[in-house]
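A note on names: the letters A, B, ... follow the listed sequences, proteins ahead of strands, and every chain is numbered from 1.
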Amino acid sequence: NAGVTQTPKFQVLKTGQSMTLQCAQDMNHNSMYWYRQDPGMGLRLIYYSASEGTTDKGEVPNGYNVSRLNKREFSLRLESAAPSQTSVYFCASILAGGPDTQYFGPGTRLTVL
Amino acid sequence: AQSVTQLDSQVPVFEEAPVELRCNYSSSVSVYLFWYVQYPNQGLQLLLKYLSGSTLVESINGFEAEFNKSQTSFHLRKPSVHISDTAEYFCAVRNQAGTALIFGKGTTLSVSS
């Protein structure tokens, strides 16, 4: 049982390049989330997927797209990376939308030059 | 709109001293509150949560938090900290729609000998 996994762990991009961050969970959770963490800002929600086949915007969705590929996988895509997207990205999952424990992946550290 | 305010961005303490990390929330509906801990270069882990019932909740490693409805607070305390408690601590509240967590900006606890 690996929990929530993320790939890659580190990535350096040039401005304008695109990339996809991958996330997978093996806990049969329904809801999945993408956050970004910046110093002094805490975690801010980018997008979430309450269930397979649905996605919704969070607090800071601009510049990102997501795909809920199946129940296990939820990817985050940067179509044209900008320096402002330099951050640490965390994926998380939860069994249901209620007060259950949210489980986090180890994070992807992205630098955009 | 719901929000979480962590009143201290950094808390330096000496080993074996008591510590309190302060968290205030705003919410007009039923409240579910969480404390997460992030050790260096890792993802977030649940420390403890308040869902209902006893207003005092405890973690397995000696932390406790008290839900105070009148003061809209959920402060985290430990009577005697260890070097290994050095980490960033996040307070969170479930959003009104029940779809995601709203995080505070975090408090860095630094324990020195």
Side-chain angles (χ1 to χ4, degrees), chain A residues 2-7 9-10 21 23-25 27 29-51 54-61 66 68 74 87-109, chain B residues 1-11 21-25 27 29-53 57 59-60 65 67 74 87-108:
Chain A
V4 181
T5 57
Q6 293 183 235
T7 56
K9 284 188 168 55
F10 301 94
L21 281 64
C23 173
Q25 52 87 13
M27 297 174 282
H29 284 175
N30 297 310
S31 301
M32 298 184 72
Y33 305 81
W34 277 106
Y35 293 91
R36 60 176 289 173
Q37 182 181 25
D38 302 291
M41 300 294 289
L43 276 79
R44 292 180 292 171
L45 183 65
I46 305 171
Y47 270 94
Y48 67 96
S49 170
S51 61
T54 67
T55 60
D56 287 285
K57 295 179 180 179
E59 181 185 356
V60 288
V66 291
R68 183 74 183 267
F74 188 39
S87 186
V88 182
Y89 291 85
F90 287 100
C91 178
S93 71
I94 193 170
L95 179 61
D100 297 314
T101 299
Q102 198 166 95
Y103 293 86
F104 284 81
T108 294
R109 189 173 295 273
Chain B
Q2 291 171 290
S3 65
V4 175
T5 302
Q6 291 185 242
L7 296 160
D8 306 292
S9 60
Q10 297 193 31
V11 175
L21 307 184
R22 296 179 293 168
C23 172
N24 286 96
Y25 67 91
S27 176
V29 295
S30 297
V31 176
Y32 301 112
L33 294 158
F34 305 80
W35 275 100
Y36 279 82
V37 59
Q38 183 181 30
Y39 299 105
N41 299 312
Q42 294 187 26
L44 278 73
Q45 306 170 35
L46 180 70
L47 190 59
L48 47 77
K49 61 184 177 183
Y50 169 78
L51 305 181
S52 64
V57 290
S59 72
I60 59 172
F67 169 58
F74 191 55
E88 189 156 18
Y89 292 79
F90 293 94
C91 183
V93 63
R94 193 184 70 160
N95 69 354
Q96 189 168 341
T99 53
L101 294 180
I102 300 169
F103 285 87
K105 294 185 177 181
T107 298
T108 300

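- In this structure, chain A has no heavy atom under 4.5 Å from any part of B:Q45.
- The aromatic rings of B:F90 and B:F103 lie perpendicular to each other, with more than 60° between the two planes, well past the 30° mark.
- Contact count versus chain B (heavy atoms, under 4.5 Å) is highest, among A:G105, A:G107, A:G40, for A:G40.
- Contacts of A:L43 with chain B are made by both backbone and side-chain atoms, with heavy-atom separations under 4.5 Å.
- Interface residue B:E88: only side-chain heavy atoms are found under 4.5 Å from chain A.
- For A:R109, the part sitting under 4.5 Å from any heavy atom of chain B is the side chain, from C-beta outward, and nothing else.
- A donor-acceptor pair under 3.5 Å links the side-chain atoms of B:T107 to the main chain of B:D8, judged by distance alone.
- A distance-only check finds no donor-acceptor pair linking the side chain of A:W34 to the backbone of A:G58 [under 3.5 Å].
- In terms of heavy-atom pairs under 4.5 Å with chain A, the best-connected choice from B:L44, B:N95, B:T108 is B:L44.
- A:Q37 touches chain B through its side chain: at least one heavy atom from C-beta onward sits under 4.5 Å away, while N, CA, C and O do not.
- A:Q102 is not listed as a side-chain neighbour of B:F34, based on a closest heavy-atom distance of 4.5 Å or more.
- Annotation: side chain of B:W35 is in contact with side chain of B:L21 (closest heavy-atom distance under 4.5 Å).
- Note on ring orientation: taking the six-membered ring where Trp is involved, the planes of A:F90 and A:F104 are perpendicular (angle over 60°, cut-offs 30° and 60°).
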